[in-house]
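Please read the structure below before turning to the comments.
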Protein chains: 2
Amino acid sequence: MASALRLFTGNGYFNTSIPDIVSDSGVSTGSIYHHFGDKEGVAKSLFDTLVGWMEEALQQIEKKNSSARDRCRDIIQLLFQIAEEEPDMMEFMLHARHKEFLPQEGPICSSRPFLHMREMVAEGIASGEIQPMDDTVAAAAVFGGALRMIQLRLDGILEKPLTEYQDDIWTTAWRSVAV
Amino acid sequence: MASALRLFTGNGYFNTSIPDIVSDSGVSTGSIYHHFGDKEGVAKSLFDTLVGWMEEALQQIEKKNSSARDRCRDIIQLLFQIAEEEPDMMEFMLHARHKEFLPQEGPICSSRPFLHMREMVAEGIASGEIQPMDDTVAAAAVFGGALRMIQLRLDGILEKPLTEYQDDIWTTAWRSVAV
DNA sequence: GTCTATAATGAGATAGAC
DNA sequence: GTCTATCTCATTATAGAC
């Protein structure tokens, strides 16, 4: 799975053949098919694992903080941290055109972690921390800038690590929706 | 090219074969290879055309408005309009993992139109309309929310057209960076 | 310039021993 | 559970008539 993640994100799912994974991982063709069924199964297994980790991390953030402000700030920090420490993970979760090779999965934006992020924003609106507006708009405003910076970083546009921009991004993000 | 755009965005570049384009367009295999060289040539031709249109539209916006505020507002309106009227165009420009099938093109974020958007934001900082900060951060803050909403719309998450959200998105976007 | 027919490649997937 | 060897087949790309 580590090989598959590296190859999928580095060269793309469709530019990665099973023989490529065999060479890179040292695991045999037969073994891969035995465990995952087919190539799509490898992608699905990766996707489920990553989404699971992400959701777990979000739940910890929710438990640790009580205000929407602190939760959103920690989420951006988490996203930046993953993007720096495990860029392949972040790239696979964010960018991978899952609908092209995981047709049964919905788009990533409607996966549990992203829904969870929107819910936390919605609670912030309910509690009066965030200006009254559509949940989706508020979530896009809070996290849109950070997600965009992550994309730029993964695409190699930013030389400096995301941590350097974190404070500015957070300030603009919160200013856009705060009461 | 219209067929290719529809098929590439609908099913993905790698799920679209030349025979698919032949059936859908009524143009023969030989003719396609005569004009475009290979499958990648079709994608490249599409990409160049769309980027050209986009850049032209941005130049008109720049000419028409003199303040960064008005320019950014018109850009978001333009992006929303294209996403609604020609979703395939927008999807191909934004989402298509160009590096997977157009390895020589840089990432979309460093293409002319996106650089142009960042320059307009930078001018806004220079003129004092936008708070002093890194260009890239400011551009991400201004356009990040809108781009995120476009992604949600293209992924079918939003039922209502983007126009309905335009005012709220613009308000949050500008509030995040305005002096 | 456009077409039909076809070649050549390499992919995904399977069989069956160990 | 893992391996090697192999099959099947769709895909990209070309050849050559019109």
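Letters go in sequence order (proteins before strands), and every chain restarts at 1.
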Subject >> Whole-Å distance separating the NE2 atom of A:H34 from the C1' atom of D:dG1 >> reply: 5 Å
Original post:
Quick one: side chain to side chain donor-acceptor pair (under 3.5 Å) pairs with a partner in residues 69-80 of chain B, sequence neighbours left out?
Top reply: B:N65-B:D74, B:S67-B:D70, B:D70-B:R73, B:R71-B:E123
Original post:
Is there side-chain contact between A:H35 and A:V27, with at least one heavy-atom pair below 4.5 Å?
Top reply: no
**OP:** Start with the C-alpha gap between B:S17 and B:D20, add the side-chain angles, then the distance that decides, and say whether side-chain hydrogen bond (donor to acceptor under 3.5 Å, both in side chains) holds.
**Re:** CA-CA 5 Å; B:S17 67; B:D20 289 340; 3.2 Å; yes
**OP:** Return the orientation label for the B:F8 and B:F92 ring planes: parallel under 30°, perpendicular over 60°, tilted otherwise.
**Re:** parallel
Please produce a list of atom pairs where a protein N or O lies less than 3.5 Å from an N or O of nucleotides 10-14 of chain D.
from	atom 1	to	atom 2	distance (Å)
D:dT12	OP1	B:K39	NZ	2.9
D:dT12	OP2	B:I18	N	3.0
D:dA13	OP2	B:K39	N	3.4

Original post:
If you look only at pairs with a residue in residues 101-116 of chain A, which of them pass as a salt bridge (Lys or Arg N to Asp or Glu O under 4.0 Å), with sequence neighbours excluded?
Top reply: A:K44-A:E105, A:E55-A:R112, A:R112-A:E119
Original post:
How long is the line joining CD1 of A:I32 and C1' of D:dT4, in whole Å?
Top reply: 14 Å
Original post:
Relative to the ring of A:F14, is the ring of B:F14 parallel (under 30°), tilted (30 to 60°) or perpendicular (over 60°)?
Top reply: parallel
Subject >> Protein-nucleotide distance (A:I21, atom CD1; C:dA13, atom C1'), rounded to Å >> reply: 13 Å
Subject >> Candidate nucleotides D:dC3, C:dC3, D:dT2, ranked by approach to the side chain of A:H35 - the nearest >> reply: D:dT2
